J.: 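First the structure, then my questions, so here it is.
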Amino acid sequence: MRQPVVMGNWKLNGSKEMVKDLIEGLKNELNGVEGVDVAIAPPVMYLAQAEALLADSNIILGAQNVDVNAQGAFTGDISPAMLKEFGASHIIIGHSERREYHNESDEFVAKKFGFLKESGLTPVFCIGESEAQNEAGETEAVCARQVDAVINALGVEALEGAIIAYEPIWAIGTGKAATAEDAQRIHATIRAHIAEKNADVAAKVVIQYGGSVKPENAASYFAQPDIDGALVGGASLDAASFAAIAKAAAEAKKA
Ligand code: PEP
């Protein structure tokens, strides 16, 4: 059985006050909730503050990006060891915003994936198609190509213990979420694609859905057999909303 993972991607949002309020709110809301791994990815500036606030909590600390170099003359970059030192374990890579605004290629994302694994961190590996690709019927091929970049560079076993987040780009931050049935179909296709290389890895890998997940639609995704949680942007900035999504995952996946 796969334990669902619900992760909040705070993106470029935060202040010391917001970090404190949001984390304290989450600790209250999620007290006693079991059967779901809950993670948050604040901006890297706030990792130290978040680490301290989470010291007495099961909430997992994550981050939104990592570089491919360990140290040296790479202005503005952050290494896996730095993230690890501040207690961040689940690191988002390949988010469509980084692919688009920072020109990150499939190969570059695969390199980050390998570096995280080598460092003992968990990649939260985002894939997903654009609206044009969706309309052209290319969704499955795009997802397969993005997953293959990792498999070809690192071997299918690299996906063991990693998290894949299927995020149709047209659904991110738009309020235009994929239907649960459509998301399930794509998740099943992604899992089947991995199973062609290794059925055991495919059966175990957590595949989250991401794209306008809210408390109102969360349960419909988690009722699907191949949807193992969610990567949440907007709704993760509100403690009650994010906790409601996490609770829906715990409830739906109860044995
Ligand atoms: C995201 O940025 O990963 C995301 C899914 O955002 P939202 O939930 O706001 O659509």
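Quantities reported herein were computed from a predicted structural model and do not represent experimental measurements. The figures that follow rest on heavy atoms only: side chains count, while hydrogens, waters and symmetry mates do not. We count ligands from 1, going down the list as the structure has it; atoms in each ligand are counted the same way.
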J.: Taking the side chain as every heavy atom from C-beta outward, state whether K27 and I59 have any pair of such atoms under 4.5 Å apart.
T.: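 SC-SC contact between K27 and I59 confirmed.
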
J.: Specify whether Y221 and Y209 have parallel, tilted or perpendicular ring planes, treating 30° as the upper limit for parallel and 60° as the lower limit for perpendicular.
T.: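 Because their plane-to-plane angle is under 30°, the rings of Y221 and Y209 count as parallel.
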
J.: What is the closest protein heavy atom to atom 4 (C) of ligand 1, and at what distance does it sit?
T.: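 Atom 4 (C) of ligand 1 sits closest to the protein heavy atom G233 N, 3.5 Å.
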
J.: Look only at interatomic distance and state if K11 has a nitrogen or oxygen under 3.5 Å from any nitrogen or oxygen of ligand 1.
T.: yes

J.: For atom 1 (C) of ligand 1, which protein heavy atom lies nearest, and how many Å away is it?
T.: H95 NE2, 3.3 Å

J.: Quick one about Y166 and E129 (side-chain donor to acceptor, distance below 3.5 Å, no hydrogens or angles considered), yes or no?
T.: yes

J.: Tell me the contacting part of A171 for ligand 1: side chain, backbone, both, or neither, using a 4.0 Å heavy-atom threshold, strictly below.
T.: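 The answer is the backbone.
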
J.: Under a 4.0 angstrom heavy-atom cut-off, which atoms of ligand 1 come close to G211?
T.: 5 (C), 10 (O)

J.: Consider every N or O of S212 and every N or O of ligand 1, then say whether any pair is closer than 3.5 Å.
T.: yes

J.: Run the numbers for me: atoms of ligand 1, each under 4.0 Å from some heavy atom of G173, listed by number.
T.: 7 (P), 9 (O), 10 (O)

J.: Are any side-chain N or O atoms of K84 and backbone N or O atoms of S119, one a donor and one an acceptor, separated by less than 3.5 Å?
T.: yes

J.: Pairing donors with acceptors under 3.5 angstrom, does anything connect the side chains of H193 and D148?
T.: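 Short answer, yes.
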
J.: Looking only at protein heavy atoms, identify the closest one to atom 3 (O) of ligand 1 and say how far it is in Å.
T.: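 Protein heavy atom at minimum distance: E167 OE2, 2.7 Å.
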
J.: Do any N or O atoms from the side chain of Q64 and from the backbone of K11 form a donor-acceptor pair under 3.5 angstrom?
T.: yes

J.: Return yes or no for this condition: an N or O of A235 is under 3.5 Å from an N or O of ligand 1.
T.: no

J.: Have a look at ligand 1 and work out which part of I172, if any, has a heavy atom under 4.0 Å from it: side chain, backbone, both or neither.
T.: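 For I172, backbone and side-chain atoms both sit under 4.0 Å from ligand 1.
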
J.: With respect to T174, determine whether any N or O atom, backbone or side chain, lies less than 3.5 Å from an N or O atom of ligand 1.
T.: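 Min N/O separation from ligand 1 is not below 3.5 Å for T174.
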
J.: If you apply the rule side chain to side chain donor-acceptor pair (under 3.5 Å), what do you find for D200 with N198, and how did you get there?
T.: CA-CA 6 Å; D200 187 49; N198 187 319; 5.9 Å; no

J.: Taking NZ, NE, NH1 and NH2 as the nitrogens, is one of them in D228 or R191 under 4.0 Å from a carboxylate oxygen of the other?
T.: yes

J.: In ligand 1, which numbered atoms sit nearer than 4.0 Å to a non-hydrogen atom of G234?
T.: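 Those atoms are 7 (P), 8 (O), 9 (O).
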
J.: Is it true that a side-chain atom of S236 and a backbone atom of G8 form a donor plus acceptor pair closer than 3.5 Å?
T.: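 Pair absent, no side-chain N/O of S236 close to backbone of G8.
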
J.: Which ligand 1 atoms, with their elements, are less than 4.0 angstrom from a heavy-atom of N9?
T.: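 With N9 as reference, the close atoms of ligand 1 come out as 2 (O), 3 (O).
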
